[in-house]
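Worksheet: the structure to be examined is printed underneath.
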Amino acid sequence: MLLFADFDETLVRNCIDEFSAATGIRDAFSISCLDRSATFGSERMVFTLVRSKGNPLVLKLDLAEGTKRLTKEYQVIEKLSSHFESGSQAALVKPVYLSPTGRFHVTKLLEGKTAKEMMYSPQDLRQAGQVYRRGGEWLNHLHQFEPVKEEKAWFNWMLEEVEGHMSYPLNFGH
């Protein structure tokens with residue numbers, strides 16, 4: 001089992017060096033692992049970069065070969081950024097830097113407890129209800145970003161999948 005403390009600090013420091021060279025932000029950062037994928041723990045990690053001056057930053061790293069996942073994610077954050085700054089209480093992380101390789105990106109850190117932390121340790125039921133209301137507000141604000149696009153939905157896809165699998169011969173180990 002991988003622990004949060006089990007990561008290649010040299011690799012993360014190299015990412016920070018690239019970020020610093022590209023942005024001119026030359027702060028001394030202390031690194032702590034904020035999260036890692038339960039399924040891809042040695043490839044996908046998130047780090048908090050704490051500095052003595054200024055707000056903490058987040059470095060999200062994906063070491064999978066040939067992935068474009070973080071590039072796509074960063075582009076969506078950039079696209080939505082101004083929409084979320086437009087007067088709603090709903091917040092979105094602020095994009096700071098995308099590595100040309102797409103292996104990592106840096107955003108500002110949204111301070112405070114996450115919705116997950118709030119749900120697993122609510123002070124009372126009203127607090128849990130507040131998490132759902134704020135989540136609903138966030139989704140409502142997100143849905144206001146672009147006009148609704150009508151899409152045809154095919155609800156029988158599951159039946160077609162089951163039917164397709166039924167044509168396979170059953171093997172009961174004989």
Side-chain angles (χ1 to χ4, degrees), residues 1-25 27 29-51 54-86 88 90-120 131-132 134-154 157-158 161:
M1 171 191 223
L2 288 170
L3 302 175
F4 276 5
D6 295 336
F7 63 88
D8 183 349
E9 186 172 347
T10 302
L11 173 68
V12 178
R13 290 275 173 209
N14 288 340
C15 293
I16 293 170
D17 291 345
E18 176 188 319
F19 162 72
S20 295
T23 63
I25 299 173
D27 297 341
F29 292 102
S30 62
I31 305 167
S32 64
C33 189
L34 181 63
D35 194 26
R36 70 182 327 135
S37 169
T39 308
F40 304 99
S42 61
E43 293 179 352
R44 298 178 185 172
M45 296 163 272
V46 181
F47 300 93
T48 306
L49 308 179
V50 179
R51 52 193 172 164
N55 293 332
L57 299 172
V58 173
L59 185 145
K60 194 167 188 179
L61 180 63
D62 190 343
L63 301 174
E65 197 63 41
T67 184
K68 300 291 182 206
R69 191 176 65 82
L70 290 183
T71 299
K72 291 175 186 174
E73 179 179 292
Y74 190 85
Q75 289 168 344
V76 169
I77 293 170
E78 279 186 317
K79 187 176 177 183
L80 290 171
S81 186
S82 63
H83 175 69
F84 274 84
E85 290 174 355
S86 65
S88 170
L92 184 72
V93 296
K94 308 267 186 290
V96 178
Y97 176 75
L98 172 64
S99 173
T101 63
R103 291 179 65 184
F104 75 94
H105 67 63
V106 177
T107 63
K108 291 187 177 179
L109 175 69
L110 287 176
E111 300 276 359
K113 287 185 176 181
T114 65
K116 182 179 175 181
E117 290 170 331
M118 296 289 281
M119 290 305 298
Y120 285 115
V131 171
Y132 284 107
R134 286 188 180 167
E137 177 189 344
W138 192 92
L139 283 172
N140 182 55
H141 192 69
L142 175 65
H143 290 159
Q144 294 171 1
F145 177 67
E146 291 179 339
V148 175
K149 295 178 186 173
E150 293 287 329
E151 296 285 338
K152 289 185 178 182
W154 179 248
W157 67 269
M158 212 179 328
E161 284 290 318

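Start at 1 with the first residue, then count along the sequence.
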Indicate yes or no: at least one non-hydrogen side-chain atom of [X] is less than 4.5 angstrom from one of [Y].
| X | Y | result |
| --- | --- | --- |
| Val58 | Val93 | no |
| Asp62 | Phe104 | no |
| Lys60 | Arg44 | no |
| Cys15 | Ser99 | no |
| Leu11 | Leu63 | yes |
| Val50 | Phe29 | no |
| Pro56 | Glu111 | yes |
| Leu59 | Val46 | no |

Should the heavy atoms of other residues, nucleotides or ligands under 6.0 Å from CZ of Phe145 be counted, would the total exceed 12?
-> yes
Could you tell me whether the side chain of [X] and the main chain of [Y] form a donor-acceptor pair under 3.5 Å?
| X | Y | result |
| --- | --- | --- |
| His105 | Val96 | no |
| Tyr74 | Tyr97 | yes |
| Arg51 | Asn55 | yes |

Short N-O contact, Glu43 and Arg36, less than 4.0 angstrom = no
Determine, for Lys79 against Glu146, whether the closest basic-nitrogen to carboxylate-oxygen distance falls under 4.0 angstrom.
-> yes
